[in-house]
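In what follows, a single structure is set out as structure tokens and then discussed.
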Amino acid sequence: MPVTSAAISPSSPTVAGVQPIAIVLVHGAFADGSSWLPVIAILQQRGYHVTAVQNPLTSLDDDVQATLKVIARQHGEVLLVGHSWAGAVISQAGNDARVHGLVYLSALVPNSGESVSALLARLHAPMTGLAPDAQGLIWLDQPDMYAKVMAADLPPATARQLAAVQQPIAARAFGDKVAHAAWHDKPGWYLVTDGDQALPTSVQQCLASQIRATTTVIRSSHLSMQSQPQAVAALIEQAASSLQQR
């Protein structure tokens with residue numbers, strides 16, 4: 001498993017005669033597309049076409065369909081990036097022929113025929129402390145808890161803002177199975193966040209090894225796109241450059 005440090009040299013988004021890779025960003029639970037804004041700003045400044053999906057977080061299939069609709073609007077090859085829960089989403093949506101690479105950020109990465117719940121059980125890392133409400137939704141909208149679980153290295157004001165726009169996820173989504181995991185067929189990159197309070201670092205490392213991903217380790221909370229946007233953008237750019245140089 002190749003491992004690199006967080007210091008990744010930026011590269012040009014274009015290779016002579018080659019159309020730039022389109023980058024599609026997929027958010028996880030307890031977030032929305034705006035969580036990507038710091039990374040989007042960096043990548044756009046470097047000339048990339050970037051689109052963030054707005055997942056309904058109502059089921060795996062609903063999120064996959066939302067992602068496929070965005071993929072269909074891209075021109076040329078697509079690099080699909082998923083954070084946390086969205087690791088399951090891009091593992092399924094990544095089977096689309098337009099997707100040529102997968103980037104996982106602190107992500108849950110089920111195997112074919114496996115759900116997120118089954119994955120966590122297999123790795124002896126079941127979710128605890130979060131229970132669904134009467135409508136079957138799991139929320140993380142209390143600022144103190146949000147900061148502790150998701151954003152311990154962010155300023156308190158930023159954590160409060162992120163808690164204010166968080167989106168709940170349907171508990172049943174964690175039982176939905178990935179039909180075929182695209183990482184079996186397409187190159188993958190994985191960003192491991194050391195110090196993550198939402199998904200243990202050891203679990204992330206196990207997943208990165210499972211999918212034989214090119215792996216980068218940084219010190220960050222779960223929301224690396226907010227606390228370490230330069231490192232996240234650099235990894236995405238590394239993946240895009242690798243795809244274009246094939």
Side-chain angles (χ1 to χ4, degrees), residues 13-15 18-29 31-44 46-116 167 169-170 173 176-191 207 211 213-214 225 229 232-233 235-246:
T14 60
V15 175
V18 178
Q19 187 173 19
I21 298 287
I23 298 170
V24 174
L25 308 172
V26 191
H27 68 82
D32 69 3
S34 68
S35 63
W36 293 104
L37 285 175
V39 173
I40 291 171
I42 296 168
L43 292 174
Q44 287 182 338
R46 294 177 183 171
Y48 289 94
H49 177 73
V50 189
T51 308
V53 177
Q54 294 287 3
N55 287 330
L57 300 177
T58 46
S59 71
L60 175 60
D61 185 63
D62 289 347
D63 286 1
V64 168
Q65 292 305 314
T67 301
L68 290 174
K69 289 174 184 176
V70 172
I71 292 171
R73 295 187 59 80
Q74 308 309 305
H75 300 286
E77 297 183 358
V78 171
L79 176 63
L80 200 52
V81 184
H83 174 248
S84 193
W85 153 256
V89 179
I90 71 169
S91 293
Q92 182 64 49
N95 290 297
D96 189 289
R98 283 160 290 205
V99 176
H100 287 252
L102 304 162
V103 177
Y104 295 92
L105 307 182
S106 312
L108 296 155
V109 192
N111 207 336
S112 301
E114 188 173 48
S115 68
V116 164
Q167 295 298 301
I169 186 168
D176 295 340
K177 295 179 180 180
V178 171
H180 177 75
W183 52 262
H184 282 290
D185 312 310
K186 300 179 182 183
W189 291 259
Y190 198 110
L191 183 71
L207 291 169
I211 67 173
T214 298
M225 67 277 276
V232 172
L235 177 60
I236 293 170
E237 195 166 18
Q238 180 193 66
S241 178
S242 177
L243 293 177
Q244 288 185 254
Q245 293 173 6
R246 288 169 302 164

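- Note that CG of Leu235 is 8.5 Å distant from CH2 of Trp189, once rounded to the nearest 0.5 Å.
- For Thr51, the side chain to side chain contact (heavy atoms under 4.5 Å, CB included) criterion is met by His49, Val70, Gln74, not counting sequence neighbours.
- Counting all heavy atoms, side chain and backbone alike, Ala107 lies closest to Tyr190 at O-OH, 2.6 Å.
- Few gaps surround NZ on Lys186; more than 12 heavy atoms of other groups in view lie less than 6.0 Å from it.
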Take Met225 and Leu25 through the test side-chain contact (heavy atoms from CB on, under 4.5 Å) and record every step on the way to the result. CA-CA 11 Å; Met225 67 277 276; Leu25 308 172; over 6 Å; no

Which donor-acceptor pairs under 3.5 Å do the side chains of residues 81-89 make with protein atoms, sequence neighbours left out?
from  : atom 1 : to     : atom 2 : distance (Å)
His83 : NE2    : His222 : O      : 2.8
Ser84 : OG     : His222 : NE2    : 2.8
Trp85 : NE1    : Asp63  : OD2    : 2.8

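- Here Asp176 pairs with Ser59, Leu60, Ala173 under the side chain to side chain contact (heavy atoms under 4.5 Å, CB included) rule; sequence neighbours left out.
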Working note: Ile236 + Val232, criterion side-chain contact (heavy atoms from CB on, under 4.5 Å); need CA distance, chi angles, decisive distance, verdict. CA-CA 6 Å; Ile236 293 170; Val232 172; 3.9 Å; yes

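- Across every non-hydrogen atom of Ser112 and Ala179, the tightest pair is CB-O, 3.7 Å.
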Please test Asn111 against Trp183 for side-chain contact (heavy atoms from CB on, under 4.5 Å), starting from the C-alpha separation and ending with a verdict. CA-CA 9 Å; Asn111 207 336; Trp183 52 262; 3.5 Å; yes

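- Contact record, Pro187 with Leu243: CG-CD2, 3.8 Å, taken as the closest heavy-atom pair.
- Val103 and Ala239 make their closest contact through CG2-CB, 3.7 Å (heavy atoms, listed as atom of the first residue, atom of the second, distance).
- For Ser34, the side chain to side chain contact (heavy atoms under 4.5 Å, CB included) partners are Asp32, Leu37, Val165, not counting sequence neighbours.
- In terms of modelled atom types and a separation under 3.5 Å, the side chain of Gln54 and the main chain of Gly33 share a donor-acceptor contact.
- Under the side chain to side chain donor-acceptor pair (under 3.5 Å) criterion, Thr58 pairs with Asp62, sequence neighbours left out.
- Closest heavy-atom contact between Val99 and Gly94: CB-O, 3.7 Å.
- Partners of Asn95 according to the side chain to side chain donor-acceptor pair (under 3.5 Å) rule, which considers only residues two or more places apart in sequence or in another chain, do not exist here.
- Rounded to the nearest 0.5 Å, atoms CG (Leu79) and CD (Glu237) are 11.0 Å apart.
- Annotation: the span from Leu80 atom CG to Ile90 atom CD1 amounts to 5.0 Å, rounded to 0.5 Å.
- In this view, Gln167 satisfies the side chain to side chain donor-acceptor pair (under 3.5 Å) rule with no residue, not counting sequence neighbours.
- Nearest heavy-atom pair across Leu57 and Ala29 is CD1-CA, 4.0 Å.
- A donor-acceptor pair under 3.5 Å is absent between the side-chain atoms of Gln92 and the main chain of Asp61, judged by distance alone.
- To the nearest 0.5 Å, the span separating NE2 on His27 from OG1 on Thr67 amounts to 8.5 Å.
- Put simply, the side chain of Tyr48 never gets that close to the backbone of Ile42: no donor and acceptor are under 3.5 Å apart.
- Distance check: Leu108 CG to Leu207 CG gives 7.0 Å after rounding to the nearest 0.5 Å.
- Sorted pairs that involve residues 78-89 and meet salt bridge (charged side-chain N to carboxylate O under 4.0 Å, His left out), not counting sequence neighbours, are lacking altogether.
- Residue pairs satisfying the ring-ring contact (aromatic ring centres under 6.0 Å, His included) criterion with at least one member in residues 91-111, sequence neighbours excluded, are absent.
- Between the CG atom in Leu43 and the CH2 atom in Trp36 there is a gap of 9.5 Å [rounded to 0.5 Å].
- Legend: salt bridge (charged side-chain N to carboxylate O under 4.0 Å, His left out) pairs involving residues 88-112, not counting sequence neighbours, sorted by first then second residue: Asp96-Arg98.
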